[in-house]
Each structure stands twice: as C-alpha cells, then as structure tokens.
Amino acid sequence: MLDKSAPSTSVRASGPLSGFRIVEFAGIGPGPFACMMLADMGADVVTLDRVGAKKSMKSVAGRGRKVIELDLKDKAAIAQVLDLLASADALVEGFRPGVMERLGLGPDIVLARNPKLVYGRMTGWGQEGPLANAAGHDINYISITGALAAIGTKEAPVPPLNLVGDFGGGALYLVVGVLAALLEAQRSGKGQVVDAAMCDGAASLMSFFFDMTTLGRWTEGRNQNFLDGGAHFYGVYECACGHFVSIGSIEPQFYALLREHAGLTDADFDAQMNPKAWPALKEKLKAVFKSKTREDWCKIMEGTDICFAPVLTMSEATKHPHMVARNVFIERHGVKQPAPAPRFSRTPSTVREPEGAEIGAVMQAWAGR
C-alpha cells in the first residue's frame with residue numbers, strides 16, 4: 001500500500017465526471033496520463049497495482065487515485081477484482097493483447113458480469129493486426145503513420161518527444177473513446193470495448209495533412225511546406241543571447257506586421273508564398289533575429305498579432321506572465337506541474353492526492369449503487 005501516513009485529500013471531487021467509477025490497471029505512459037485526466041475531471045479512479053509498488057506522492061500522472069496493491073496471479077485476487085468491476089463504469093488497461101484474457105479478466109468475462117461497463121484498452125499497435133503482439137514505443141507507432149517522416153530537418157526525421165503517439169494519439173483518444181462510450185451506455189444500457197491504439201490515433205492526427213495533400217497544398221518531405229519549417233515566416237529563430245523565438249506569421253496581415261516590427265523592408269520579402277524564395281528569405285531572417293536578444297524581441301513583438309512567442313524551457317514556462325495569470329501550473333509536494341485541463345465553469349476540475357486503499361473498503365463504498 002501507499003504509506004498510511006500519506007495525507008488523504010480533503011478536496012471533494014467536483015469535476016464533470018464526479019460519480020463515475022473507473023478501475024485502472026497500473027501501467028506506464030499514456031494509460032496513467034489518461035486516468036490522471038479522468039481523475040482530475042472528478043472520476044473516482046481506483047488503480048490496481050502490484051504488491052510493493054510504493055507509488056510516489058509526487059507523481060504527476062499518478063495524482064488523484066485510490067491505489068490498491070494486488071497479486072493478479074492470485075485467483076482469489078482476480079475474484080475480488082471481478083466483484084469490484086461489477087460496480088464500475090469503466091476499466092482502463094494497457095497490457096499487450098491477450099494478457100487480460102489470460103488473467104481471466106477479458107472483455108467477455110467482465111462484460112458478462114457488468115453489461116454496462118466500458119472496457120478501455122490502450123496499446124501501441126491495437127488489439128489486432130500483424131504487429132499487435134510486437135513490442136514498440138512511441139517512435140515506432142508514429143513511424144508507420146506518416147507523422148515522423150514529416151517532422152524534423154531535411155537531413156533526418158526528429159522524434160517530437162513522445163507527444164504524438166503516447167499522449168496525443170494514445171491517451172487523448174482513449175479519454176475521448178471512454179467518454180463517448182460512457183455517454184452511449186447511459187442511453188443503451190450496454191457497455192463496449194474501446195480499442196485505443198497509438199498508431200490509430202497518430203494517423204488520425206495527420207488528417208489535416210492528408211487533406212492538404214489531396215488539395216495539392218502539401219509536399220511529402222521535411223522543410224518543404226509552410227508548417228514544417230520550410231517557410232521563413234513559420235519557424236524558430238536563434239537570438240543574440242543563444243535563446244530562441246518562434247513566429248507563425250501565415251496570414252498576410254500578420255506577415256505585414258512581422259515585416260514592420262522586424263524592419264524587413266527588402267523587396268525580396270514580398271514573395272511570401274513563393275516556396276522557391278523561402279530558403280534565401282530564411283537566411284536573411286536568421287540574421288535579423290540574431291541581431292537582438294530574446295528579451296529584446298519579446299519587448300518588440302510579444303502581444304502583437306505577429307503570432308510570436310519566446311521558446312521557453314519547462315522551468316521558464318512556469319514563470320511566464322501569461323501562464324502565471326492563468327494558473328496553468330500548480331505545485332504539489334514541491335513539484336511544479338500542469339494544472340487540470342480543460343476548464344469547466346460550473347463543475348471545475350480539482351487535483352486530489354493519491355491514497356492507499358483496501359479493495360474491500362472500495363467495494364463496500366461502491367456497493368448498492
């Protein structure tokens with residue numbers, strides 16, 4: 001269990017999911033992140049973890065859960081889990097295909113006990129297909145979608161952290177899928193399996209670029225298009241201090257402001273939308289931004305319609321005036337971390353502490369619904 005001396009939250013769940021009960025099978029990456037969002041939005045999330053896991057109170061993705069430590073190889077524990085799931089609204093698991101079935105917790109068995117249950121499954125490759133049982137990571141899942149090939153320098157693709165596969169294409173699509181299935185279950189009285197695969201979600205995130213390709217407005221490759229670093233008016237530039245700034249002056253009126261504030265009087269800059277002119281214009285703009293510090297450029301451009309922002313590190317981001325004014329970051333146990341998002345006007349999300357729990361106590365609390 002978690003240390004019994006760990007303080008339990010005194011903050012009552014107030015988010016839009018207050019009253020929904022979700023069982024999470026402990027994992028890493030997108031599954032816990034998805035359950036963090038559900039917990040932040042008020043869901044009562046119970047995490048089933050291995051004995052001796054000793055979850056950290058400082059964990060960002062682990063916040064807001066009751067944590068029960070169980071040995072899932074023990075048949076008696078499996079029977080308890082099935083009893084717990086009988087009172088749950090949703091289940092979230094991130095094992096390889098077939099693992100839950102081998103444990104005796106597959107969809108057929110669980111849904112027979114609780115027909116309204118939403119069974120959320122988080123994997124990289126999906127529940128079926130030639131790669132379903134292969135190991136992989138974010139970088140592999142986005143490789144087969146066209147996403148990774150489109151991100152980076154001319155020389156090579158650059159992994160965009162694990163934002164596109166794990167968290168964008170994985171966790172967020174799992175949350176959307178679970179919420180949609182919960183809504184449908186309220187009408188039909190029937191649950192279903194949500195197969196959230198990172199490769200599916202990452203491919204879905206590429207919809208805009210498939211659309212642009214169809215319209216003849218996108219060229220496959222890197223640094224050749226107006227959103228992939230090819231255009232001089234949409235990119236990142238180094239300043240005299242060694243820090244960077246970003247500009248996204250796509251629209252003509254925003255581009256005009258960029259020229260005005262950066263002093264781009266050279267007639268060559270008239271050719272904004274001529275891809276053949278972009279390499280030379282980018283070199284000229286590099287020299288312009290290198291002439292002043294990031295702080296200087298912020299004084300000149302920040303807050304205007306140029307579409308400008310300084311490129312900040314995580315520690316710098318927590319101190320930016322806009323982020324501070326909106327309370328985008330909070331502090332728990334000395335750890336700065338993002339606050340819950342999105343925001344709700346009537347049922348605001350809250351951050352609750354994780355706490356150790358006994359499965360019997362949780363079942364009793366959930367009984368008689």
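Atoms considered below: every heavy atom in the structure, side chains included; atoms not considered: hydrogens, waters and symmetry mates.
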> Arg332: what forms a salt bridge (Lys or Arg N to Asp or Glu O under 4.0 Å) with it, not counting sequence neighbours?
Replying inline: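 Arg332 satisfies salt bridge (Lys or Arg N to Asp or Glu O under 4.0 Å) with Glu353 once adjacent residues are dropped.
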Any side-chain to backbone donor/acceptor pair from [X] onto [Y]? Under 3.5 Å, distance only.
| X | Y | answer |
| --- | --- | --- |
| Trp278 | Gln272 | yes |
| Ser246 | Ala309 | yes |
| Trp125 | Ala134 | yes |
| Asp49 | Ile68 | no |
| Asp40 | Ser349 | no |
| Asp138 | Gly165 | yes |
| Asp228 | Gln224 | yes |
| Asp305 | Phe254 | no |
| His333 | Val335 | no |
| Tyr234 | Ile250 | no |

SB check [X] [Y] (cutoff 4.0 Å):
| X | Y | answer |
| --- | --- | --- |
| Arg259 | Asp270 | yes |
| Arg217 | Asp211 | no |
| Glu93 | Arg121 | yes |
| Glu184 | Arg187 | no |

Search all heavy atoms of [X] against all heavy atoms of [Y] and return the closest pair with its distance.
| X | Y | answer |
| --- | --- | --- |
| Ile144 | Cys199 | CD1-CB, 4.3 Å |
| Ala357 | Lys66 | CB-CB, 4.0 Å |
| Ala171 | Ala34 | O-CB, 3.8 Å |
| Ala181 | Val194 | CB-CG2, 3.9 Å |
| Cys239 | Val245 | SG-CG1, 3.7 Å |
| Ile330 | Arg63 | CD1-NH1, 4.3 Å |

Side chains of [X] and [Y]: does their closest heavy-atom pair fall under 4.5 Å?
| X | Y | answer |
| --- | --- | --- |
| Pro157 | Ile151 | no |
| Lys282 | Tyr237 | yes |
| Lys336 | Glu331 | yes |
| Thr123 | Arg96 | no |
| Ile109 | Glu101 | no |
| Pro32 | Glu24 | yes |
| Asn162 | Ile139 | no |
| Phe269 | Lys284 | yes |

Taking a hydrophobic cluster as the set of Ile, Leu, Val, Met, Phe, Trp and Tyr residues connected by side-chain heavy atoms closer than 4.5 Å, whether directly or through intermediates, do [X] and [Y] fall within one such cluster?
| X | Y | result |
| --- | --- | --- |
| Ile247 | Phe244 | no |
| Leu163 | Val158 | no |
| Val81 | Phe95 | yes |
| Leu205 | Leu227 | no |
| Met212 | Val164 | no |

Do we see a donor-acceptor contact under 3.5 Å between the side chains of [X] and [Y]?
| X | Y | result |
| --- | --- | --- |
| Glu295 | Thr293 | no |
| Glu316 | His243 | no |
| His232 | Tyr255 | yes |

Nearest-0.5 Å distance that lies between atom [atom1] in [X] and atom [atom2] in [Y]:
| X | Y | atom1 | atom2 | result |
| --- | --- | --- | --- | --- |
| Ile300 | Ile306 | CD1 | CD1 | 8.5 Å |
| Phe25 | Met100 | CZ | CE | 3.5 Å |
| Ile359 | Leu70 | CD1 | CG | 5.0 Å |
| Glu260 | Met301 | CD | CE | 10.0 Å |
| Glu220 | Asn225 | CD | CG | 9.5 Å |
| Asp89 | Lys116 | CG | NZ | 7.0 Å |

>> Using the rule given for side-chain contact (heavy atoms from CB on, under 4.5 Å), can you reason through Phe20 versus Met41, listing the C-alpha separation, both sets of side-chain angles and the distance that settles it, and then say yes or no?
In response: CA-CA 10 Å; Phe20 283 92; Met41 289 188 277; over 6 Å; no
>> Set out, in order, the CA-CA distance, both residues' side-chain angles and the distance that settles side-chain contact (heavy atoms from CB on, under 4.5 Å) for Leu172 and Met37, then state yes or no.
In response: CA-CA 9 Å; Leu172 296 185; Met37 291 189 66; 3.5 Å; yes
>> Using the rule given for side-chain hydrogen bond (donor to acceptor under 3.5 Å, both in side chains), can you reason through Glu302 versus His322, listing the C-alpha separation, both sets of side-chain angles and the distance that settles it, and then say yes or no?
In response: CA-CA 11 Å; Glu302 196 166 24; His322 182 78; over 6 Å; no
Is it the case that over 12 heavy atoms from other parts of the model lie below 6.0 angstrom from the [atom1] atom of [X]?
| X | atom1 | value |
| --- | --- | --- |
| Ile28 | CD1 | no |
| Arg113 | CZ | yes |
| Lys190 | NZ | no |
| Glu251 | CD | yes |

> Could you go step by step and tell me if Asp200 and Tyr173 meet the side-chain contact (heavy atoms from CB on, under 4.5 Å) rule?
Replying inline: CA-CA 9 Å; Asp200 294 1; Tyr173 277 77; over 6 Å; no
> Does the side-chain contact (heavy atoms from CB on, under 4.5 Å) test come out yes or no for Phe167 and Leu161, once each step is laid out?
Replying inline: CA-CA 10 Å; Phe167 301 112; Leu161 299 182; over 6 Å; no
